[in-house]
Amino acid sequence: MYLRNFWYIAAMPQEIGRSLLQRFILDEAILFYRKEDGTPVAMKDACPHRNMPLSEGVLIGDTVQCAYHGLEYDSSGVCTKIPGQVNIPPRCRLQTYPLVEKWRWLWIWMGDAEKADPADIPDFHWNDDPDWTPTGGHFYIKCNYSLLVDNLLDLSHETFVHPTTIGNAAVAETPVRTEHEENEVRVLRQINGQPAPPLYVALKDFTGDIDRTQNITWTPPTNIVIESRSMPSGSNDPDMILEYRVLNGITPATAGSTHHFWATPRNFAPEEEVTEAFHEGSVRAFSEDVGILEKQQTMIDHESAANGGAPKWVDINADQGGLLARREFKRLYDLQQA
Amino acid sequence: MYLRNFWYIAAMPQEIGRSLLQRFILDEAILFYRKEDGTPVAMKDACPHRNMPLSEGVLIGDTVQCAYHGLEYDSSGVCTKIPGQVNIPPRCRLQTYPLVEKWRWLWIWMGDAEKADPADIPDFHWNDDPDWTPTGGHFYIKCNYSLLVDNLLDLSHETFVHPTTIGNAAVAETPVRTEHEENEVRVLRQINGQPAPPLYVALKDFTGDIDRTQNITWTPPTNIVIESRSMPSGSNDPDMILEYRVLNGITPATAGSTHHFWATPRNFAPEEEVTEAFHEGSVRAFSEDVGILEKQQTMIDHESAANGGAPKWVDINADQGGLLARREFKRLYDLQQA
Amino acid sequence: MYLRNFWYIAAMPQEIGRSLLQRFILDEAILFYRKEDGTPVAMKDACPHRNMPLSEGVLIGDTVQCAYHGLEYDSSGVCTKIPGQVNIPPRCRLQTYPLVEKWRWLWIWMGDAEKADPADIPDFHWNDDPDWTPTGGHFYIKCNYSLLVDNLLDLSHETFVHPTTIGNAAVAETPVRTEHEENEVRVLRQINGQPAPPLYVALKDFTGDIDRTQNITWTPPTNIVIESRSMPSGSNDPDMILEYRVLNGITPATAGSTHHFWATPRNFAPEEEVTEAFHEGSVRAFSEDVGILEKQQTMIDHESAANGGAPKWVDINADQGGLLARREFKRLYDLQQA
């Protein structure tokens, strides 16, 4: 169940270069490379002749040559050469996908190309803003994308999954408020006068209690921005504010696997060593999520197979955001299919 | 195809302690642990909230805390805490399973809890009797449980599979007599005046021919007790009797995997070194069965997939016990489903 | 989709001896061994009693004894012993398969035994002819057999897959001519006045351009003979002719795996070191095909699963032979099923 007429993060810019890369997105094998002028290209990674993945072939200038029978395709997907014959059947071409570099990510459009408008790329500007210092990465998780969306819309799990970095008891104990309108779900949590979690103490030398804001915004199909702001309780010192964003581009790879593109730009302490500490803490926390999500998926798969259907779940208050996002997603999916 | 209103061996007592153990039984993931007072507990190993296996969580006193969102359950499966909210939906509870320690095993009841009567636990008393010296273990075999039942009801395979321990030509060459009534199948073999198999010679210094009795009793769902008694032919010396039981608790894990809980209590030579020799011989023999059963299952799976159905088998005389047990099992299964 | 009333290569003669070998052919597990007099035997590798593969058992004289319950079968598949009983049910027998040694291969007949006529074994005589020096081998490839048939009927891939041995630009650039009649498809390529590929230069010291003939003949079900002849352009020197055959016995193992039995007999330079060079070059080239075919199959499987059906392909001129062979195969298959 995929929403097609949306932009998805396909890669970090530095991942795509002059070699051929295969990546699955929405169950399709996609070929990525950069032209000699640096323009990134995305096209279907299957030669229409006999299904050989073009990523196994070679890049000659801006042309891709198939590893099997040498058919060549230019960067617009047009077949320019079939060895040993002159006429090229018009059907012999590769689907290409709009691919736009923005906010230091490459965004791919998996739907009708004529509807692809870069203005619809979600606002992840913090990752490419002189006032913010970014760091980020990519995880490949063997779970359905919906489990990762649930995960990020209910941060109460930080208390139990991330106790050595961003979680402590205060997170799960503080209820959230949920707001939504068409195409947007917001989950808001305000924690006041509570101890700081370990990573915050390490980054900011908080010695007493802090006030901590966690505002999460989901937009379709699977974009999640977390606004995080903390400061000593009762303080007015702007230098003591720890503020960052968690930007999440959740891109379904297959029904059972997901790309998680993440970044944690901050607006304080731009020094390299702080970036390293922030990066390391983020990687540790997201790795803990990978362990959780893959075990969760394994159990769902087993129960579905043994009982002939998806297991029924009991919802709790903290699920409000996730349930609203699933409902909105389903509404858009039904519209798409109609 | 499982029979539910029966006791199954779930574990050896020493396997269950103050850490959380997951084990699949009748295709269900079950969580095992012991309370602080030592009482063993069995409950469904899936948080009803979002399917996280609770065995990944932590044990706090007698309470299990989910690794993902911190929901807590007491040892009766009742949810006692949902972080950040007061009301707990009644549906949010874990199924528990009657679990009884008897004959030095833990028995689980996988059916209607109100029908669980420990008096129905099969008589495996030899494993917990001062006159008998036990040893035993646990194998996890990648085959359907029915193949292991067949295996143990037709010991003619000892001749070919276990020639270095308990098998010799006399076993397969001696026909069996089969008796059955409702809920019980017996396979009886009396071998007279034949050489002793290698393990018996090692254990008892038999120098001449022996008389050997192998009486097998199957009771539903999958319990098998083998009574084994051997003595020198023509001897009346009670010190020369080699007598033991093979107790088999066969517990389906999934459709394609089985727990084999076994013990071989004997009523002679209680010395530790004899126990070690008996244990080693038993493990060697059962390991040989694992190899046979897993290859047999692989072939059945291939033929079923290639031909669209289970292969047809040719029955021989030695199969009488297995066929009767399958028939009785099917009768009980049809009753259960009706 | 298999054609049954045909001879398939089952093994190279030296692969079959006095030990028991299991090999899957047309999705059936087959047992191979040689009798004491050297006669090779093929029978179903599943004991009709309980499906144990007989290849796990032991060979006693010409008799196979099952590893599980000791049932014995003679080389005609007749059960000669069931331990502990006298009567042997007539159904308790193993299907045997006609197996003929010819052209230094063992050929198996997978259809109606009464139709098996060794005269129908395809003409692969070059592999057993004093005027030709053979070498050959066996690959097990995880792809459907049809992909290997396509591969060998369109040698334009040599240019791209085998550039260090038998391929160069001239192959793919030279169009083929295709001929066919019932039960035979021929793909003919004549390359004139072009450089020799690397392996030919190494074998024959060609210093200038050569004329090269590649004539491929497919016969059902999946036999392919490639006639290859090269000589210096304009030369009449018979000592400068490089001529060999590529004999291909393509035997489906399962729907997703294939045996490739190959030989490359030549009619020049019978010296051992030339055989070694020819063998090494052939193995290198066929290994390159294995890599291509397995990636191709992986992509086909993914697309079929994701899209609920086999992907549509665009045909090019070079596919004529493969398409004709597929059409002829389908015609014979429909006849078989009718």
Side-chain angles (χ1 to χ4, degrees), chain B residues 143-144 146-151 153-163 167-178 187 189 191 214 288-308 310-320 322-323 326, chain C residues 1-2 4 20 22-31 43-60 63-73 77-95 110 144 252-257:
Chain B
C143 74
N144 186 267
S146 62
L147 299 187
L148 180 54
V149 173
D150 287 347
N151 174 285
L153 281 171
D154 175 10
L155 296 180
S156 74
H157 78 268
E158 290 181 352
T159 306
F160 306 98
V161 180
H162 311 307
N168 63 4
V171 181
E173 292 302 335
T174 307
V176 293
R177 190 159 51 84
T178 304
V187 177
R189 175 181 277 119
I191 307 166
Q214 284 182 323
E288 289 163 340
D289 287 317
V290 171
I292 289 283
L293 294 166
E294 297 193 343
K295 288 213 176 66
Q296 189 190 11
Q297 186 69 58
T298 300
M299 285 296 287
I300 292 170
D301 290 345
H302 175 81
E303 277 211 39
S304 300
N307 304 329
K312 287 228 186 325
W313 286 345
V314 173
D315 299 323
I316 64 175
N317 291 354
D319 294 321
Q320 282 177 42
L323 294 170
R326 282 177 180 252
Chain C
M1 199 168 83
Y2 303 124
R4 301 215 153 257
L20 301 170
Q22 181 184 71
R23 186 161 277 172
F24 279 87
I25 297 182
L26 306 202
D27 255 326
E28 293 183 31
I30 313 280
L31 168 72
M43 47 178 74
K44 189 166 170 62
D45 191 22
C47 184
H49 171 226
R50 286 295 180 266
N51 253 96
M52 191 65 198
L54 291 160
S55 51
E56 296 292 321
V58 291
L59 185 59
I60 304 168
T63 292
V64 180
Q65 184 188 62
C66 182
Y68 199 173
H69 300 97
L71 278 70
E72 295 182 6
Y73 300 89
V78 170
C79 182
T80 53
K81 182 171 183 182
I82 298 179
Q85 81 182 62
V86 174
N87 290 326
I88 294 176
R91 279 180 58 222
C92 193
R93 62 181 300 157
L94 300 171
Q95 184 180 352
M110 297 297 293
N144 186 267
T254 65
S257 61

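Proteins come first, then strands; the chains are lettered A, B, ... in the order of their sequence lines, and each starts at number 1. For clarity, every value in this text was computed on a predicted model and none was experimentally measured.
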Asker: Under the 3.5 angstrom rule, does the side chain of H302(B) hit a backbone N or O of D27(C) as a donor-acceptor pair?
Answerer: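 The answer is yes, because a donor-acceptor pair under 3.5 Å joins these two groups.
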Asker: Heavy-atom pairs under 4.5 Å with chain C are the metric here; pick the option from A305(B), P311(B), A318(B) that has the most.
Answerer: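 The answer is P311(B).
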Asker: Please report the interatomic distance CG(N51(C)) to OG1(T298(B)), rounded to the nearest 0.5 Å.
Answerer: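 Here the rounded value is 11.0 Å.
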Asker: In terms of heavy-atom proximity below 4.5 Å to chain C, should N151(B) be classed as side chain, backbone, both, or neither?
Answerer: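 Both backbone and side chain of N151(B) come within 4.5 Å of chain C.
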Asker: Shortest non-hydrogen contact from F160(B) to A67(C)?
Answerer: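 In terms of heavy atoms, the two residues are closest at CB-O, 3.6 Å.
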Asker: Heavy-atom pairs under 4.5 Å with chain C are the metric here; pick the option from V171(B), N307(B), I300(B) that has the most.
Answerer: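 Sorted descending by pairs with chain C, the first entry is I300(B).
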Asker: Using a cut-off of under 4.5 Å for heavy-atom pairs, which of H49(C), E28(C), H69(C) has the most such pairs with chain B?
Answerer: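 Heavy-atom pairs under 4.5 Å are most numerous for H49(C).
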Asker: Heavy-atom distances under 4.5 Å only: say whether L293(B) touches chain C with side chain, backbone, both or neither.
Answerer: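 Only the side chain of L293(B) comes within 4.5 Å of chain C.
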Asker: Let me know if P89(C) has heavy atoms under 4.5 Å from chain B in its side chain, its backbone, both or neither.
Answerer: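 The side chain, not the backbone.
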Asker: Find the distance between SG (C47(C)) and CD (Q296(B)) and round it off to the nearest 0.5 Å.
Answerer: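 Between atom SG of C47(C) and atom CD of Q296(B) there are 9.5 Å.
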Asker: Heavy-atom count check: over 12 atoms from other residues, nucleotides or ligands less than 6.0 Å from R4(C) CZ?
Answerer: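 Check passes, neighbour count above 12.
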Asker: Nearest 0.5 Å, what's the CE-CE distance between M52(C) and M299(B)?
Answerer: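 The CE atom of M299(B) is 9.0 Å from CE of M52(C), to the nearest 0.5 Å.
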Asker: Between I88(C) and chain B, with a heavy-atom cut-off of 4.5 Å, which part of the residue counts as in contact: side chain, backbone, both or neither?
Answerer: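 For I88(C), there is no contact with chain B at all, as no heavy atom is under 4.5 Å.
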Asker: With only heavy atoms counted, which part of E303(B) is less than 4.5 Å from chain C, the side chain, the backbone, both or neither?
Answerer: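 Only the side chain of E303(B) comes within 4.5 Å of chain C.
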Asker: Do you know which of R50(C), Q85(C), Q65(C) has the most heavy-atom pairs with chain B at a distance under 4.5 angstrom?
Answerer: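 Going by pairs under 4.5 Å, I would pick R50(C).
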Asker: Output the option from D289(B), I292(B), T159(B) having the highest count of non-hydrogen pairs under 4.5 Å with chain C.
Answerer: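 With the most close heavy-atom pairs to chain C, the winner is I292(B).
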Asker: Please name the pair of heavy atoms, one in G84(C) and one in P175(B), separated by the smallest distance, quoted to 0.1 Å.
Answerer: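 Closest pair (atom of G84(C), atom of P175(B), distance): O-CG, 3.7 Å.
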Asker: Restricting to non-hydrogen atoms, name the atom on Y68(C) and the atom on L147(B) that form the minimum distance, rounded to 0.1 Å.
Answerer: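 That closest heavy-atom pairing would be OH-O, 4.2 Å.
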